[in-house]
Amino acid sequence: MNKRYIFTFSPDIVNRPIVSEIAKHYDVMVNILNADVTSGREGKLVVELEGADGNIVQSLEYAKEAGVECVPLEKQLQFDQDQCVACGSCTAVCFSGALMMDADSWELLFDPEKCVVCGRCVKACPLQLFRIAMEE
Amino acid sequence: MAVKKSYDEINEKIRKGQAVVVTAEEVSQMALECDPGEIARKVDVVTTATFGPMCSSGAFINFGHYDPPIRMEEVLLNDVPAYAGLAAVDAYIGATAESKYNETYGGAHVIEELIEGKEIRLKAKARGTDCYPTKEVETIVNKELVNEFFLFNPRNAYQNYAAAVNSLGHTIYTYMGSLLPRFGNATYSTSGELSPLLNDPDFRTVGIGTRIFLGGAQGFVSWYGTQFNTSKQKNIYGVPTSNAGTLSVIGDAKQMHTRYIKAAYMERYGVTLFVGIGIPIPVLDEELARSVSIRNEHIETTVLDYGRSEKPIVGTATYAMLRSGTIEINGKKVKTAPVSSLLRAREIAGELKQWIQGGQFEITKPIEHFPTHTHVKGLKRQ
């Protein structure tokens, strides 16, 4: 199965190869979807973990013990759906399938599970209804 | 016998609550089973609608006279400049005018907030004259405090609009949305078979004085729109295959609703205004029955490369194709997305249908028809 997380690294562990360790020791494929890491500062990675459920759980425990904060991704993109006029501009830039127009009703469908938090919808929405909340 | 109905006959039915009113999508479905003659007999009025970003929009406001009077020369509404080269407390706030301090806030937002009943800060300056001695006023206005507040949009409701792609190696940000590099996506902005001027392509019933749905209230077609172009190529179904006719519309903004007038900011393009317009097309005869029966697969539009300044044509697509989610450009499958809301356009067509069925809204014979041979000029340095 696939699960997406935001990993937050404190400055003291930014230099440790934790992602490689997860991949090597727990047989979990790590796809880095977004990265903001600088030596000496707090770092953030948006990752998709692919592997057996048990292995993913263990790898997350390992990361947490190492000092990485692991937050499931679905909490991270905020969408003010009540204000949406369903113009569809955001679907022009969404390639993960998270934002789609319903082919019959032409309502905007939003599936947070599919979102990779690329941020393109944030700029594309003419009503500025999307926000990426990196801090929970 | 050929069907002929007059505006008066249809209005008589509307007043009695007997008019048969359907939306342009509903009549297109009917047309799969009925011929134009049957449709002309059965249907009296077809409602059409669109809800999309229409930059060439704005509003006139009269603020009322101050004591001692001022002839306003510079007007700011929440720091957005309005045109005040008029007498003396009239101004025109254009939708795309930007705040002096925030490029994501503009005239469209001022208009939406006024409609919503919010207060707006007015700053006015003048040089001072004998009859208008005051040089500066700063105060709060809202739609109850001002005299008139009416939308007057010089170019709305484009009859068809070209779809947009980008051939460049980087994303470009346009009024057609974010266009991804190397034909990464295509955007389009017409409600297709529901779109007003595609259902009356020769402007037989839409003309000067036509009563319409504008922003949730009754409004009127005031004139043909700017860049009104009857010279564009038409396909075998009689509809132009790119931007052609336009409308200039007017209506009392105090009666409008922010559900149908919505300010927007397009990344790195600027501020614009979503405008909701609904237009009734009376089915006077078989020819109009045929026009309103048009379907998305019959309406083509050109696809333009917005990556190059001359915007060359790189393909054509029907609205059926554009709505399917992908079109093909130079052999490549390109993802499509709308920038105008079909959902809300349908809501407007439904609302207008109810108004007519309820006898609250009668159809109007144009006072004057639009010109029939127009083309659009460019601008050259002389």
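Within every chain, numbering begins at 1; the chains are lettered A, B, ... in the order of the sequence lines, protein sequences first and strands thereafter.
- Counting non-hydrogen atoms of other residues, nucleotides and ligands closer than 6.0 Å to CE of Met321(B) gives a total above 12.
- Residue contact with chain A, scored on non-hydrogen atoms closer than 4.5 Å, involves the backbone of Ala263(B) exclusively.
- Contacts of Arg259(B) with chain A are absent, with no heavy-atom separation under 4.5 Å from either backbone or side chain.
- For a residue to count as touching a neighbouring chain, one of its non-hydrogen atoms must lie under 4.5 Å from one of that chain's; by this rule Ala124(A) touches chain B with backbone and side chain alike.
- Summarising the geometry of Ala86(A) relative to Ser341(B), their closest heavy-atom pair is O-OG, 3.3 Å, with the distance given to 0.1 Å.
- Counting all heavy atoms, side chain and backbone alike, Pro126(A) lies closest to Met266(B) at CB-SD, 3.8 Å.
- Neither the backbone nor the side chain of Tyr269(B) comes within contact range of chain A; no heavy atoms are under 4.5 Å apart.
- Here the closest non-hydrogen pair linking Asp104(A) and Arg346(B) is O-NH1, 2.8 Å.
- Proximity to chain A (any heavy atom under 4.5 Å) is restricted, for Thr187(B), to the side chain, taken from C-beta onward.
- Other residues, nucleotides and ligands place more than 12 heavy atoms under 6.0 Å from the NE2 atom of His25(A).
- Thr91(A) and Ala337(B) make their closest contact through OG1-CB, 3.3 Å (heavy atoms, listed as atom of the first residue, atom of the second, distance).
- In terms of heavy atoms, Gln128(A) sits closest to Tyr265(B) at NE2-O, 3.1 Å.
- Within 6.0 Å of atom CD1 in Ile313(B), 12 or fewer heavy atoms from other residues, nucleotides or ligands are found, so the atom counts as exposed in its surroundings.
- Heavy-atom distances place no part of Cys90(A) under 4.5 Å from chain B, backbone and side chain included.
- From Arg323(B), atom CZ reaches atom CE of Met101(A) across 10.0 Å, with rounding to the nearest 0.5 Å.
- Annotation: residues 324-336 of chain B contacts chain A through Lys335(B) [non-hydrogen atoms, separation under 4.5 Å].
- Chain B forms the most heavy-atom pairs under 4.5 Å with one residue out of Leu127(A), Asp102(A), Val93(A), Val85(A), and that residue is Val85(A).
- Neither the backbone nor the side chain of Cys121(A) has a heavy atom closer than 4.5 Å to any heavy atom of chain B.
- From Ser89(A), atom OG reaches atom CG of Asn185(B) across 10.5 Å, with rounding to the nearest 0.5 Å.
- Looking at Tyr260(B), neither its backbone nor its side chain comes within 4.5 Å of chain A, counting heavy atoms on both sides.
- Considering every non-hydrogen atom in both Phe95(A) and Gly184(B), the closest pair reads CZ-O, 3.3 Å.
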